[in-house]
Each structure stands twice: as C-alpha cells, then as structure tokens.
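Since the structure comes first, as structure tokens, the remarks are kept for the end.
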Amino acid sequence: MVMAIRWGSYKTGPFYDELIAGRNKARPAADALCQYLRSLSDGELLDYKLAATTAIQVMGITFTVYSEEEGSIDRAWPFDIIPRIIHKQEWTEIEKGLKQRVKALNMFINDLYNEQHVIKDNIIPESILTQSKNYLPECRGIQPPHGVWAHICGSDLVRDHHGTVYVLEDNLRVPSGVSYMLENRHVMKRVFPELFGKYNILPVDDYPSDLYNMLCELSPRQIEQPEIVVLTPGIYNSAYFEHAYLAQQMGAELVVGTDLVVDENDKVFMRTVAGLAQVDVIYRRIDDAFIDPEAFREDSMLGVPGLLRAWKAGNVALANAPGAGVADDKVVYAFVPDIIRYYLNEEPLLPNVPTYKCINKEERDYVIDNIADMVVKPANESGGYGMLIGPHATKAERDKFVRLIRRDPRNYVAQPMLLLSTAPTLIDTKAEARHLDLRPFILSGSKITVTTGGLTRVAMRKGSTVVNSSQGGGSKDTWIVDSEV
Amino acid sequence: MLSRVANHIYWMARYLERAENTARLIQVNTHLLLDLPKSVTLGWEPIIDILSFRDTFYEQYETADEKSVIRFMVTDTSNPSSIINTLAMARENARIVREIIPSEAWELINNLHAQAKNDGQSVLTRRHRFDCLSRVITGNQTITGLVGGTMNRDQAYAFLRLGRHLERTDMTTRIIDVRSASLIPGLSEDHTAFENIQWMGVLKSLTAYQMYRQEMRLRIKREDILNFLLKKETFPRSLSHGLSQLEKCLKELPNPKAVQTRIANVRNELSNLDTSELKQDVLHDVIDDIQLGLLTIHDAINETYF
C-alpha cells in the first residue's frame, strides 16, 4: 500500500501549526486524526476528497462570484477534508473573550447613539465619530431592546507564531459564513463518519435555533409566533446561499425588498397570496446604505421605502440595527481594548493585533517609514478588498498607499505582518501547511451565545494569507474536541 | 405565503414538467422511427410544432432533420423550451425558493440540471439518447415522488401542483393536436397498417399505452384514444384528470373564485365534446379552444396570486 501522508516530511516552517507540534509529532488533540490520515493510501485519500466534492455538488453548497466573464456565477464551495482541531479547554477561554468583547462593543454603540459618555470621558476622539462612514445620525436617541445593536457579530481570529490568538477584526454589519460552518460539518459527517467515532466533537447544529430564539425575543408585538423574515438582496448576492439556508433552517420567510411594504402607520407588511401580512422582525442581510431608499440611498433597488421610520417607531425590529456598523471600523477596532476597560472595568481577555492608527501623526510616520513590513487596511472595507500587504507588494503599490494614507489618514490603520498559523491541507495527495483564520459568530440578545468553533478559512495558495472565498480561499471543518469524556 | 415565492414554485413545477414531457416526446419519436418502413418519411418537424417553435427553429437550422431537431430541443440554449433551458429555469426558480422546498428536492433538481449539462454531447447519438432522456424523465418522477412524500400539504404544495398539472394538460393537448394531424403525412393505402403504430406513438408519448390497454380493453382506435386522453378521469395525464387536480389545489388557496370559473369553462367545453364525431379539422379547432382556455386559467392564477 502506498502511504500518502508522511508526517515526517511535513514542514511547518517558522509558523505555529494547528495540528503538528514538531517534526513527526502531532499535538495531543490531533494525534488520533493524524494517525488515521497516515493509514490512508493515495487512492483512499483521493476517494475521500472526491466524496467531499460530490457531496458539496449534490448538496448545492455554492457561493457567488461577481464580474467574471459570465456575469455572476455559482461556484462550488472550496473545502479541505482535513479538519482543524481546537481543544475545548482553549476554546472555553476564547469564548469568554468573545462574549466580553461583543458585550462591550454593544454598550459602546448604544452609548454613541445616546449619551456619548465615551467621547465626553475622552476615551475615543470625537473625530472618529464625525468622520465615520458608518455612523448614522438618523439613529440618535434610539434604544433597541436590551441595548443591543449588533445582534449577530462575526469576529475574525488569527494565531501568531507564538500560538497567541488575536482578534483581527469584528464584523458587525452583515457578517456571513455561518452557513458554511454548518454545511462543512454535514459534509464531514457524510465523508468521514468513522472519524466521528474516534473523537468527542462538540456539535454545531444549535446555531439556527439560537438565532431564531434571539430574533423572536426582539419582536415588538408580544405574540405567540412573531413573523420573522430574512431580507436578502437576492440570488446574485455572494452570500445568497446563506440567506436562503438560514431562512430554511429557521422556518422564516426569505424576502427581497419588493416583498415588503411600509404603510402610513409605519408598520411593515409582506405581500402574500392572501394579501398583506404584518412583519415583526427582519434579519436583514442588506447594508445600511441600501436598506431604505427613503432614508438613505435613493437609487437603492434592494431596500424597502420607509423601513427606517418603521424601525424608529418601534413597529419592527431590525437585526443588526441600522448604524451598528459604526463599531465595524478598523480605527474603532484599535480602541476596542480601551472600550472594554471603560465599559466593563475588566482587562480584555482576547488581545487585539497591535494596530497603528494613521490618524495619529507619530503612528502614521512609523507606518510610512516601515510600510514594507506592514499590512495597511482601509477603515471600512470588507472581504479583503483595498488592502496592502507590504511584504508582498511592489514598490509602486507601496508608494500608492503612502499617498492614500497622507491624503486620508482617518481612513487607514496598519498592523505588523503577522506570521499566521497553518494547518495541514490536502494538496493533491500530500499534506502541506497552509495559513488560516477562524470566524466564530456571536449572537447577542438577552444573553450572549457563541458558535462552537466557527468557520475556518484557509488560503489555498502556498504562502498566501488571503483567506476570502472571493479571492481563492477555502475552508475546513472546525472541531472543538473534549478529551475529558 | 409570499406572492413572489408562490410564483417561483409554480414555475419551477411547470418547467420540470415541461422538461419531462419534452424528453418523452423525443424518446417516442426516436423509437417510432425504428419501426416505420424506409418509404415512410417520418418527420421530426411535428416535434417543433408541438411546442410552437417553428420560427425560432428555422432562424437557425436549414432542415428539420433528426440531428438538428434533437439539438434544438435538447441542448440548444437559444431555444427557450429546450430541455437544458427548461431545467436551467427550473433550477433558477428552485434556487430562489430553496428555503421552501425540501432540501433534498433542491439537491435533485440541481443534480438533474448538472446531469443534463454533462449529457449534452452523448444525447445527440442514438445509442446514448435513450439513457440520457430516461434520466430526465425519471429525474422529474423522482422529484415528484420526493416532494409528494416529504412536503407539507400547504399552499406551497398547492402552487407546485397547480404548475405541474397545468403544464401537463397543456402538453397533453399539444401532443394530441400535432401528433394526430401530421405525424405521417400523406399516408397511402399500403401504409394504413402503420396507423396503429402512429397512434401507439401518441399513447406512448404520454406513457398511456399500458394504462389504455388496461382501462379500455380495446384495440387501438382513434376515437377511443382521444376519449381516453381527453376525458378519462382515471388516467393521470388526461385533460380531465388535470382539471380535477387544479380544482383540488384551489380548495387550499384563498380567493379561488376567478380561477375556478375559468376551469369550469374548459370543463364545459370538454363535456360537450363527442370524440366519436370528431374529424381531424374539427379536432384541431377544439383543441385550439381548449388551449386558449388553459391560457386563461394561467392568467387568472397570475392575476389572483402573483
């Protein structure tokens, strides 16, 4: 039999590897997995890989890519069959840190739209607010239920070469990826049922019911079965698969803007075959700017005219609340440790990646002098767009970013290039180290819940650290394993 | 349920049913061809006529030979009713309502479309055609079985069945019309023996042959066949059965009045029909009226619900 994966020749380089501790030595939680993989022949590995690909095709797990020659097309979800394993003990600590962080962030957002103590007490400069693209003055004075604005948050975690886990960013607008976390597990169960016997893997299936319960709590009408809808931009959105998936899993209606109408009493209705039906809670997956042409962008074809006034009148709940994105700003990110200390009077449990704010002259000069070693990020982009990765960039690209930073310092932050952790990833029939991150999802209502693990995204190209699926990233199932049972 | 969603479910079902019926049609024509004598020039043109795409066809093809018609009806993306296009449309509609239909149904539809795409080349050869088209037919049958066995009997299911049965009655009447009129043009005395084969072809297009035999216990006769296909309540692809199914669906939907009236009109027309009296040219007119009636049913559904 041909042995496919020889861990002796697996190279971790200067990075922390999630499964392999050193030459031929698996981390304790990954030992059984590594032994199992070593026992497989090339042919068997390819069979498993094919089985996973087939499962993904048959289950129709796709994501949409824009602007290729054919317009927008559906691509099969890229998936690596080697799971990423995190021990439950470590995960429990991470979970605590995430809850702490999101709790503070929600208090921060609520404060910004109400008393603004955080500015009066000089914790953050007022200019951050006045120049924020995501701050919505229309939302001043609103007090949503539980003081929660960001009901669903996706925070990206990375691990450096020392093994320390950092928060890289918080996505508080319309974070996506959770459906892939759920589907990755389904694929793994189809393909590797025997592995699930060797481990005590904590389940991830609770998410849709947690989400549903959280959304129900938000209903302004106290009725048995509030009408909950998922508002999607439509089938050409890159995350449409997820919108449909979550609606299906929750038994909620999946609606587009034209399905909804706001009447003169500021109530929201959907058009049904039997006439109009009132809507109580909208899990919206449309950005603020497009959500209501009456209040924001007039040219939006996706939104619902009058939605903001219905929300302000308290007749409908929106998750996430409009304006929550004010904290989803890479400059605000730099202040999060201070925000946690200020609101909770606690030390942050999860560290931030050291971040230079270009708005401060000293830090800006440092960034410009060391741009070749920096990752420069615009304050309000997502999906990895508009970034400079200094060490991989050409001189012309670096110069362009120096100019951009000088022109609009508020819009940029920079971080030292982190040596992201890796995990063995199947390339043909060999396991090679590839960089990855982790996006857990945090739900906030009357209580805060965190997904068990999250979505592990992996950069499939050798040496690359870009994990976004729109830019050639793949994914892995994430196992939180408990050895005590 | 949302009007938009109801609309997509309705069309998903229509397109699936259309793909299956088109596959049946081609399947049977291919077989018929093998049974007929060389001197009988059985055309492929009626197949195009059944779906009223004569003009679209001749814009792109010179003659209605086997190869061109198969390509046009199965794999040509410029023909809105080619199997590949109807399956693509079924899939698009299913994709939009995938949170409503059982996820296994979405998997099957997705798979059926992918398979038809893969079969694009081999379906053109006679040797592989049977298998390729069978996959389309059994594919839709499987989907029908799956939704029947797993979907709640709610409004979504009612709209799905509305779409399926309206499309099926539409296809049944089209097949009767074109098949009976021009299947074998200019049949001479020597060839009357082949009239049977021709009528068996009509039955087989609708998988009605065996059921006809069981039900009617008669030799193949034009008027009995027409009676069976149009008026027999027991046969699930007959016009009469289709209308009954539409009526049943409407009982589960709000404000059914307008649609019910239109169905009653078609039913009237059908019951006034005496198939033994029916000559070819009259048959064509009657079927034309029925087709218009079906169209008004669709319009009423559209107006009331979507």
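As a basis for the values below, the full set of heavy atoms in this structure was taken, side chains included, without hydrogen atoms, waters or symmetry mates. Protein chains get the first letters and strands the later ones, always in sequence-line order, with residue 1 at the start of each.
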Looking at every heavy atom in both B:L2 and A:L254, which two are closest together, and how far apart are they? CD1-O, 3.4 Å

In this structure, CD of A:Q249 is separated from OG of B:S103 (nearest 0.5 Å) by 7.5 Å

Here the gap from A:Y240 atom OH to B:R95 atom CZ, rounded to the nearest 0.5 Å, amounts to 7.5 Å

Using a 3.5 Å distance criterion without hydrogens, assess whether the side chain of B:N110 forms a donor-acceptor pair with backbone atoms of A:Q57. yes

For the backbone of A:T272 and the side chain of B:S3, can you confirm whether one donor and one acceptor N or O come within less than 3.5 Å of each other? yes

Are there over 12 heavy-atom neighbours, none belonging to B:R153, within less than 6.0 Å of that residue's CZ? yes

Check whether A:V230 gets within reach of chain B through its side chain, its backbone, both or neither, counting any heavy atom under 4.5 Å. neither

Could you grab the distance from atom CZ of A:R271 to atom CE of B:M1, nearest 0.5 Å is fine? 16.0 Å

Determine whether more than 12 heavy atoms belonging to other residues, nucleotides or ligands lie under 6.0 Å from atom CD of A:E298. no

Part of B:F306 within contact of chain A (heavy atom distance under 4.5 Å): neither

Checking heavy atoms, do the side chain of B:L108, its backbone, both or neither come under 4.5 Å from chain A? neither

Least distance between heavy atoms, B:I101 atom then A:Q248 atom: O-NE2, 3.4 Å

Specify the closest pair of heavy atoms between B:A6 and A:V273, including all atoms of both residues, with the distance to one decimal. CB-CG1, 3.5 Å

Please classify the contact between B:Q155 and chain A as side chain, backbone, both or neither, with a heavy-atom cut-off of under 4.5 Å. side chain

What part of A:V256 gets closer than 4.5 Å to chain B, counting heavy atoms only: side chain, backbone, both or neither? both

